[in-house]
Structures are given as structure tokens and as C-alpha cells.
Amino acid sequence: MKEYSRVRLIVEKEKYAKDGAHKGMDGWICDPRNINGQWLVCFDDEEKFAITIIPIKEEDLELVRE
């Protein structure tokens, strides 16, 4: 994974849900740094409006495309 990779959240966790991110949502990595095993991910809707931008553990993400 790297900056601008398209990713999907593959788990439902309360800490993500409270910020509006839920299992199955697609987003993109918006920072080139992986900090403590986490990527900063911007989740957006079909019209490409940002819903939330939060750090997500790499193990909780599935790579859709780089």
C-alpha cells in the first residue's frame, strides 16, 4: 500500500464507526507515511465527497488498487 492507493475497510470496529467509517467502505490513502502500522485514509461516497479522514490499521484494510 502507498499514498493514493484505493482501499476497502474489511472490519467493523467501534473506534472507526464513531468517525463514520464502516465495514465495506472504500477510501484512499491520503498520506505517504505509515505511522505505527496505520494509514491515514479518506473515505468518500459515490460522488467523491469526503465522509471522514481517519487513521486505519493496515491489517483492517484490503487493497482495491494501487
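Numbers here simply count residues along the sequence, with the first being 1.
- Leu40 belongs to a hydrophobic cluster whose other members, connected by ILVMFWY side-chain contacts under 4.5 Å either directly or through intermediates, are Ile53.
- Taken together through direct or relayed side-chain contacts under 4.5 Å among Ile, Leu, Val, Met, Phe, Trp and Tyr, Val41 and Val64 form parts of separate hydrophobic clusters.
- Residue Ile10 is grouped with residue Tyr16 when hydrophobic side chains (ILVMFWY) are merged at heavy-atom distances under 4.5 angstrom, including chains of intermediate members.
- Under the 4.5 Å side-chain heavy-atom criterion for grouping Ile, Leu, Val, Met, Phe, Trp and Tyr, Ile56 is not connected to Tyr4 through any hydrophobic cluster.
- Taking the side chain to side chain contact (heavy atoms under 4.5 Å, CB included) definition, one finds that Arg33 meets it with Asp31, Ile35, sequence neighbours left out.
- Atom CD of residue Gln38 and atom CD of residue Glu59 lie 9.0 Å apart, to the nearest 0.5 angstrom.
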Solution key, residues 19-28 side-chain donor-acceptor pairs under 3.5 Å, sequence neighbours excluded:
{"unit_1": "His22", "atom_1": "ND1", "unit_2": "Glu12", "atom_2": "OE2", "d": "2.9"}
{"unit_1": "Asp26", "atom_1": "OD1", "unit_2": "Arg8", "atom_2": "NE", "d": "2.8"}
{"unit_1": "Asp26", "atom_1": "OD1", "unit_2": "Arg8", "atom_2": "NH2", "d": "3.4"}
{"unit_1": "Asp26", "atom_1": "OD2", "unit_2": "Arg8", "atom_2": "NH2", "d": "3.4"}

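- Checked against side chain to side chain contact (heavy atoms under 4.5 Å, CB included), Lys18 has no partners two or more places apart in sequence or in another chain.
- For Lys57, there are no side-chain hydrogen bond (donor to acceptor under 3.5 Å, both in side chains) partners two or more places apart in sequence or in a different chain.
- Residue Cys30 comes nearest to Glu3 through the heavy atom pair O-OE2, 4.0 Å, listed as atom of the first residue, atom of the second, then distance.
- The closest side-chain heavy-atom distance from Trp39 to Val7 is not below 4.5 Å.
- Rounding to the nearest 0.5 Å places CD1 of Ile29 at 6.0 Å from CE of Met1.
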